[in-house]
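See below for the structure under consideration.
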2 protein chains.
Amino acid sequence: MAEYEHTCMIRGDGGRTLRAVLDRICNKWTLLIVATLDQGSLRFTDLHDQVPGISQRMLTLTLRNLERDGLVSRTVHAEVPPRVEYALTPTGKSLIPPALALAGWAIENVAHIEASREAYEART
Amino acid sequence: MAEYEHTCMIRGDGGRTLRAVLDRICNKWTLLIVATLDQGSLRFTDLHDQVPGISQRMLTLTLRNLERDGLVSRTVHAEVPPRVEYALTPTGKSLIPPALALAGWAIENVAHIEASREAYEART
DNA sequence: CAGCATCCACATGGATACTG
DNA sequence: CAGTATCCATGTGGATGCTG
């Protein structure tokens with residue numbers, strides 16, 4: 001537990017690198033879409049159906065950002081009606097393990113956090 | 001790589017659990033403060049000095065949220081001038097490993113992401 | 001020292017309507 | 001089918017000034 005020197009990975013450059021990446025990942029939909037695409041390639045409407053509650057606008061925006069960052073590939077098939085397939089790139093796939101680590105922590109600790117929060121509110 | 005069924009940890013309840021936690025963690029300062037406190041307990045001014053660029057307001061807000069969620073403890077010493085010590089709780093400490101996993105991914109892939117982003121902009 | 005209060009700028013994201 | 005366009009509500013966070 002005394003290995004706090006490893007946190008220099010986080011604090012490193014004042015947190016700039018970590019934050020540059022977090023900014024792209026920690027919005028409302030990104031991780032959900034990445035996790036959904038881990039099944040394999042999907043088209044726009046499939047994603048819209050499988051990610052509950054997302055609007056067309058946010059799905060489009062999030063996919064564009066993922067494409068920009070090279071985490072998701074977008075292939076347009078020249079057909080009528082149009083067919084567009086979205087899939088994770090290798091870089092996108094590599095995000096899954098750390099994302100799972102965080103999700104695991106979230107699931108293990110959400111009860112404790114929620115309880116602590118309610119106790120705090122009650123105190124105030 | 002065919003173990004995509006594990007991403008149900010992320011998608012599980014439509015991502016609600018993960019997002020409930022991400023919302024508390026993925027703001028501008030939380031992970032930076034947690035990483036800084038991994039060294040041991042620090043007082044307000046020390047934190048303000050060690051986290052470059054943070055304002056008093058955001059330091060206060062972030063610490064209050066961390067205290068609410070039970071990730072950071074706040075102990076006031078009845079002295080003059082006042083002395084307040086902030087430290088990670090066990091729950092707070094347990095966030096470090098998954099945070100490091102994400103930071104590691106960020107550091108490994110930031111160059112590729114940045115390059116992809118520039119290529120994308122150039123294309124447009 | 002360790003904050004709280006106030007004001008303000010900007011980004012995120014939701015709802016709705018329209019299109020090649 | 002796979003988007004785009006527009007409008008708008010809310011949240012996040014920065015600057016500044018004041019206080020027990």
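Letters go in sequence order (proteins before strands), and every chain restarts at 1. Source: prediction; values computed, not measured. Hydrogens, waters and symmetry mates play no part in the numbers below; they use all other heavy atoms, side chains included.
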Between A/Ser55 and A/Pro82, the residue closer to the 5' end of DNA chain C by nearest nucleotide is A/Ser55

Please determine if a side-chain N or O atom of B/Tyr86 lies less than 4.0 Å away from the OP1 or OP2 oxygen of C/dC1.
no

Mapping A/Phe44 and A/Arg19 onto DNA chain D by nearest heavy atom, which one lands closer to the 5' end?
A/Phe44

Just wondering, do A/Val72 and A/Ile33 contact through their side chains at under 4.5 Å, heavy atoms?
no

Round to the nearest Å and state the distance from B/Glu79 atom CD to C/dC1 atom P.
13 Å

For a 4.5 angstrom cut-off between non-hydrogen side-chain atoms, does B/Leu42 reach B/Tyr86?
no

Between atom NE2 in B/His77 and atom C1' in C/dC1, what is the gap in whole Å?
13 Å

Do B/Thr30 and B/Asn27 have side-chain atoms, one donor and one acceptor, less than 3.5 Å apart?
yes

Intermediate values then yes/no, side-chain contact (heavy atoms from CB on, under 4.5 Å), B/Thr36 and B/Asp46:
CA-CA 10 Å; B/Thr36 304; B/Asp46 294 335; over 6 Å; no

Starting at CZ of B/Arg43 and ending at C1' of C/dC1, how long is that distance when rounded to a whole Å?
7 Å

Which atom pairs link the protein and nucleotides 4-12 of chain C when you take only N or O atoms and keep those under 3.5 Å?
none

Do other residues, nucleotides or ligands put more than 12 heavy atoms under 6.0 Å from the NE2 atom of B/His48?
yes

Check the distance between C/dA15's P and A/Leu61's CG and give it to me in whole angstrom.
14 Å

Sidechain N-carboxylate O distance under 4.0 Å for A/Arg117, B/Glu67:
no

Range on DNA chain D touched by chain B, heavy atoms, distance below 4.0 Å:
D/dG13 to D/dG20

For residues A/Leu88 and A/Leu71, determine if any side-chain heavy atom of one lies less than 4.5 Å from a side-chain heavy atom of the other.
no

Is A/Arg83 salt-bridged to A/Glu85, going by a charged N under 4.0 Å from an acidic O?
yes

